[in-house]
Q: 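After the structure tokens below, expect a handful of questions from me.
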Amino acid sequence: MHQFRTHTCGELTKADAGKTVRISGWIHSVRDHGGVIFIDLRDHYGKTQVVIDPNKSFYQELDKWRVETVVCFTGTVVTRAAETVNPKLATGEIELVAEDMVILGECDVIPFQIAKEEQAPEATRLAYRFLDLRKEKLHSNIMLRSKLIAEIRRFMTGLGFNEIQTPILTSSSPEGARDYLVPSRVHPGQFYALPQAPQQFKQLLMIAGFDKYFQIAPCFRDEDARADRSPGEFYQLDMEMSFATQDDIFAVIESLFMEIFPKFSSKKLTPAPFPRIPYRESMQKYGSDKPDLRNPLFIQDVSDIFAKSGFKAFASVVENGGKVKAIKVPGIAGQPRSFYDSMIDFAKECGAKGMAYIIWTGNEEKSPIVKFMAREELDALKAAGNIQDGDVMFFLADKESLALEVGGQVRTELGKRLNLISDDEFKMCWIVDFPMFELDEETGKPMFSHNPFSMPQGGMEALETMDPLSINAYQYDIVCNGIELSSGAIRNHRPEIMYKAFEIAGYDKSVVDEKFGGMIKAFKLGAPPHGGIAPGVDRMAMLLCDEPNIREVIAFPFNQQAQDLMMNAPATVDMKQLRELRIIPLPQELKFEETFKKLYAEAARIREIEAAANNTTAGDAAK
RNA sequence: GGAGUUGUAGCUCAAUUGGUUAGAGUGCCACCCUGUCACGGUGGAUGUUGCGGGUUCGAGUCCCGUCAAUUCCGCCA
């Protein structure tokens with residue numbers, strides 16, 4: 001019986017000198033000096049230098065050696081001479097003098113290099129994901145993720161949270177995204193849905209009295225990808241607490257983040273309590289509900305100053321109900337003209353009609369619009385922006401929502417181009433007080449603005465007495481460096497408040513009963529007040545690994561088209577499976593002829609196979 | 001579904017205003033080398049310039065179409 005190893009490639013030290021040991025791993029690199037050969041042998045734990053004398057008999061097998069071959073070396077641990085120590089290697093003070101060698105797994109020429117910093121095309125990387133995962137950075141990303149999840153479990157369990165699995169095969173839920181559907185064999189024509197989130201289950205767990213629940217929960221959404229959004233599936237730290245206020249939820253997440261972020265990254269973390277920013281303030285100040293607070297720039301409203309201005313373009317916008325928004329950028333008066341031009345182009349690409357700017361330099365204002373403006377207006381701007389010499393202000397005038405939206409993008413772009421965003425900190429904030437309702441621009445009536453199941457602030461009284469558009473929900477987001485880590489809410493657990501909220505949004509009681517009857521029934525049978533949140537595990541890992549793309553923290557990610565290029569998913573399936581599931585193509589959705597040609601061809605093929613099977617003497621297949 | 005960027009050797013990239021045989025590094029193959037650790041040296045093989053069409057005496061380069069990758073918008077708590 002051949003023992004594969006006595007040690008890993010990462011653990012031998014000077015203390016082991018003189019021992020005969022055995023290590024196994026991948027040939028990371030070969031340095032053949034003719035009279036002596038060095039091999040770096042790599043495994044999950046590290047690398048060890050193996051020294052080979054070409055006179056050894058096993059050297060003859062060198063022909064088969066190639067980088068990434070899996071081999072087992074037996075040899076003696078030797079302390080390296082001082083001048084040959086490799087300080088870059090944890091095992092760099094020793095080396096293994098090989099006495100015997102066995103090849104455990106041969107390796108063809110690899111499609112991209114693993115030992116060298118060489119970036120292969122995404123499609124190749126994904127098709128050979130198991131090779132890509134051998135690379136140091138990706139390997140360590142996946143390990144960080146693994147440890148992150150272990151730490152989350154440890155911490156949450158320590159706080160008294162219970163991890164409980166919820167169904168993967170469930171029913172289509174009222175979340176906003178498209179579902180992944182799974183056909184039912186037992187009930188032809190009916191479908192399971194994969195959960196977009198275990199939302200209803202975790203609420204039911206609260207109603208069932210489990211008090212504190214969490215789960216590293218897989219979630220499935222059939223939506224298109226982004227750099228920070230993997231298509232198809234992702235993981236959340238899903239959690240829910242009974243008898244909890246919004247501040248209770250915040251305290252748990254803050255303590256978790258304070259515990260975890262410093263463990264996995266040396267970047268500076270916002271100390272708890274994280275700033276709470278009301279949704280409306282965030283929109284006004286940052287033009288976004290997920291502001292990157294590392295960026296010091298902010299938007300301010302200067303509509304009043306331009307209301308009666310001689311600069312008619314802006315004055316008329318204000319007169320027609322629009323707004324003028326300004327972003328001050330300190331000390332950039334020295335930027336060339338081309339900088340301003342390209343920023344204006346950028347604003348236009350974002351949907352602005354244009355963008356104006358004023359440069360304060362040497363006690364005077366420089367700008368194409370200054371000549372239209374009165375002295376008092378310029379002074380008022382200077383005061384409003386607390387302008388110092390060398391500062392620049394950019395202006396966007398439009399319908400308020402558009403001016404803010406573009407302003408938000410301009411703010412981010414300025415931050416990037418001017419290098420205002422520090423790379424060594426995590427700036428956290430809570431966005432709170434999301435409006436419960438917003439105006440449906442088509443119907444002019446209130447509709448739910450985010451989650452219909454959040455508790456309105458002020459409860460029933462607010463719904464009955466206040467203007468719906470001014471009611472806030474106990475609904476919140478947590479944002480880190482401009483990335484939304486999660487939404488959460490204190491849930492609406494009172495049926496009568498639920499009916500009332502839906503009534504305001506234009507839904508009859510019967511509709512609520514029909515669509516959400518299960519939940520309503522549960523709420524009627526003793527539901528505790530409860531709330532929760534579900535930070536994205538992938539996004540947390542992405543931030544902690546300092547990766548710009550979420551694929552870099554997922555072991556086997558989809559590509560942007562939601563395909564797994566290694567497993568070849570999705571794929572066509574056998575007609576037999578489709579028949580069994582009663583999946584019948586709808587002729588009106590397909591070209592008739594083509595469809596039926598294919599069907600007939602497939603049917604003929606299956607008849608052949610079945611006929612062949614029937615003709616052969618029965619083998620393993622029991623009848 | 002829409003927009004931007006990119007597409008040249010296995011990989012990273014070069015190739016002047018359109019100009020003659022498309023180059024370099026790395027990898028691959030062969031040989032040399034006893035202290036390297038991204039070892040070094042010599043030599044060699046490797047290209048449908050994504051694909052299809054067009055303009056031109058001549059296209060990697062210009063035009064049109066198409067495909068693919070990626071980023072963004074739509075969508076998505």
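So that the names make sense, note that chain A is the first sequence line, chain B the second, and so on, each numbered from 1.
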Q: Could you tell me which nucleotide pairs with G25(B) by Watson-Crick or G-U wobble geometry, both distances under 3.5 Å, or answer none if nothing does?
A: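 C11(B) is the nucleotide pairing with G25(B).
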Q: Which of these nucleotides, U36(B), G74(B), C76(B), is closest to any side-chain atom of D224(A)?
A: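 So the side chain of D224(A) is nearest to G74(B).
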Q: In whole Å, I'd like the distance from the CD1 atom of I52(A) to the P atom of G35(B).
A: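 Value for this atom pair: 16 Å.
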Q: Name the pairing partner of U36(B), where a pair is Watson-Crick or G-U wobble with both distances under 3.5 Å, or state none.
A: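 Its partner is none (no Watson-Crick or G-U wobble pair with both distances under 3.5 Å).
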Q: Hey, is the side chain of R221(A) pairing donor to acceptor with the base of C76(B) inside 3.5 Å?
A: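 Not at all, since no donor on one side and acceptor on the other fall under 3.5 Å apart.
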Q: State the pairing partner of A30(B); accept Watson-Crick or G-U wobble contacts with both distances under 3.5 Å, and report none otherwise.
A: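 Its partner is U42(B) (Watson-Crick or G-U wobble, both distances under 3.5 Å).
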Q: What is the separation between atom CD on E93(A) and atom C1' on C37(B), rounded to the nearest whole Å?
A: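 So the CD-C1' distance, E93(A) to C37(B), works out to 15 Å.
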Q: Pairing check on G47(B): which nucleotide meets the Watson-Crick or G-U wobble criteria with it, both distances under 3.5 Å?
A: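 Checking every strand shown, G47(B) finds no partner, since no pair has both distances under 3.5 Å.
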Q: If you count every heavy atom of other residues, nucleotides or ligands that lies below 6.0 Å from K515(A) atom NZ, does the total exceed 12?
A: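 Check fails, neighbour count at 12 or below.
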Q: Quick check: Y476(A) with F250(A) (ring centres under 6.0 Å apart)?
A: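 Ring centres of Y476(A) and F250(A) closer than 6.0 Å.
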Q: Hey, what are the protein-to-nucleotides 67-70 of chain B N/O distances that come in under 3.5 Å?
A:
residue	atom	partner	partner atom	Å
A69(B)	OP1	Q561(A)	NE2	3.2
A69(B)	OP2	Q561(A)	NE2	3.1

Q: Any base atoms under 4.0 Å from E83(A), or only sugar-phosphate, or nothing? Heavy atoms, all strands.
A: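 E83(A): no heavy atom of the nucleic acid under 4.0 Å.
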Q: Is there a donor N/O on one and an acceptor N/O on the other, under 3.5 Å, for the side chain of R66(A) and the base of G27(B)?
A: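 Counting by modelled atom types and ignoring angles, no donor-acceptor contact under 3.5 Å is found here.
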Q: Under the 3.5 Å rule, do the base of C37(B) and the side chain of R80(A) count as making a donor-acceptor pair?
A: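 Check passes, donor-acceptor contact within cut-off.
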Q: More than 12 foreign heavy atoms under 6.0 Å from CZ of F426(A): is that the case here?
A: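 Yes - once you tally the heavy atoms of other residues, nucleotides and ligands closer than 6.0 Å, there are more than 12.
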Q: Charged N to carboxylate O below 4.0 Å: is that the case for R125(A) and E552(A)?
A: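 Yes, charged N to carboxylate O under 4.0 Å.
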Q: A45(B) and G60(B): how far apart are their C1' atoms, nearest whole angstrom?
A: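 Between the two C1' atoms, the distance is 23 Å.
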Q: Counting N and O atoms only, with roles assigned by atom type, does the side chain of D43(A) sit under 3.5 Å from a partner on the main chain of C9(A), one being a donor and the other an acceptor?
A: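 Answer holds: yes.
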Q: Is there a Watson-Crick or G-U wobble partner for U5(B) with both distances under 3.5 Å, and if so, which one is it?
A: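 U5(B) is paired with A69(B).
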Q: For the residue pair Y507(A) and F448(A), categorise the inter-ring angle as parallel (less than 30°), tilted (30 to 60°) or perpendicular (more than 60°).
A: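 Y507(A) vs F448(A) ring planes: parallel.
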Q: Under a 4.0 Å N-O cut-off, is there an ion pair linking R129(A) with D132(A)?
A: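 Yes, this pair counts.
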Q: The side chain of A177(A) lies closest to which of these nucleotides: G74(B), C76(B), G27(B)?
A: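 For the A177(A) side chain, the nearest candidate turns out to be C76(B).
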Q: Judged by atom type as modelled, is there a donor-acceptor pair below 3.5 Å linking the side chain of K56(A) to the main-chain atoms of E99(A)?
A: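 No.
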Q: Specify the separation, in whole Å, of atom NZ of K416(A) and atom C1' of U71(B).
A: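 So the NZ-C1' distance, K416(A) to U71(B), works out to 10 Å.
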Q: What integer number of Å spans the C1' atoms of U61(B) and U49(B)?
A: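 Looking at atom C1' only, U61(B) and U49(B) are 10 Å apart.
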Q: With a 3.5 Å distance limit and no angle check, can you tell me whether H530(A) reaches the backbone of M241(A) through a side-chain donor-acceptor pair?
A: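 Not a single qualifying donor-acceptor pair exists.
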Q: Mind checking the C1' distance from A59(B) to U20(B)? Whole angstroms is fine.
A: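 Pairwise C1' distance, A59(B) against U20(B), rounds to 13 Å.
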Q: Can you check the I550(A) CD1 to C72(B) P distance for me, whole Å?
A: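 Distance, rounded to whole Å: 11 Å.
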Q: Quick one: E233(A) CD to C76(B) C1', roughly how many Å, whole number?
A: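 About 16 Å, once rounded to whole Å.
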Q: With a 4.0 Å cut-off on heavy atoms, is Q49(A) in touch with a base, just the backbone sugar-phosphate, or nothing at all?
A: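 Here Q49(A) touches the bases of the nucleic acid.
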Q: Output yes when R134(A) and E68(A) qualify as a salt bridge under the 4.0 Å nitrogen-oxygen rule, no when they do not.
A: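 A salt bridge links R134(A) with E68(A).
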Q: Roughly how many Å is it from CG in D477(A) to P in C76(B), rounded to a whole number?
A: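 One finds 15 Å between P of C76(B) and CG of D477(A), rounded.
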Q: Could you work out the separation of A69(B) and A30(B) based on their C1' atoms and round it to a whole Å?
A: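 After rounding to an integer number of Å, I get 36 Å for this pair.
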Q: Can you tell whether the side chains of R280(A) and D433(A) come within less than 4.0 Å, N to carboxylate O?
A: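 No salt bridge links R280(A) with D433(A).
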Q: Work out how far the C1' atom of C33(B) is from that of G18(B), and round it to whole angstrom.
A: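 About 48 Å, rounded to a whole number of Å.
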Q: For nucleotides 38-42 of chain B, which of its nitrogen or oxygen atoms have a protein nitrogen or oxygen under 3.5 Å away, and what is each distance?
A:
residue	atom	partner	partner atom	Å
A38(B)	OP1	K88(A)	NZ	3.4
A38(B)	OP2	K88(A)	NZ	2.8
C39(B)	OP2	R31(A)	NH1	3.1
C39(B)	N4	D32(A)	O	2.5

Q: Taking atom types as they are modelled, would you say the side chain of E95(A) forms a donor-acceptor pair with the base of G35(B) within the 3.5 Å cutoff?
A: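 Counting by modelled atom types and ignoring angles, a donor-acceptor contact under 3.5 Å is found here.
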Q: Among C28(B), C72(B), G35(B), which nucleotide has an atom closest to any side-chain atom of F38(A)?
A: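 Closest nucleotide among those given: G35(B).
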Q: Rounded to whole Å, how long is the line connecting atom CG of D108(A) with atom C1' of G10(B)?
A: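 Computing the D108(A):CG to G10(B):C1' distance gives 13 Å.
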Q: Taking the C1' atom of each, how far is G50(B) from A68(B), in whole Å?
A: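 Rounded to whole Å, the distance is 7 Å.
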Q: Calculate the interatomic distance between D132(A) atom CG and C11(B) atom P; express it in whole Å.
A: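 Between P of C11(B) and CG of D132(A): 14 Å.
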Q: Write down the distance separating the C1' atoms in A24(B) and C62(B), rounded off to the nearest Å.
A: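 Result for the C1' pair: 27 Å, nearest Å.
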Q: Does this structure show an ion pair linking E254(A) with R276(A), if we count only N-O contacts that are shorter than 4.0 Å?
A: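 Between R276(A) and E254(A) there is a salt bridge, with a charged N closer than 4.0 Å to a carboxylate O.
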Q: Using atom C1' of each nucleotide, how far apart are G19(B) and U56(B) to the nearest Å?
A: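 To the nearest whole Å, 12 Å.
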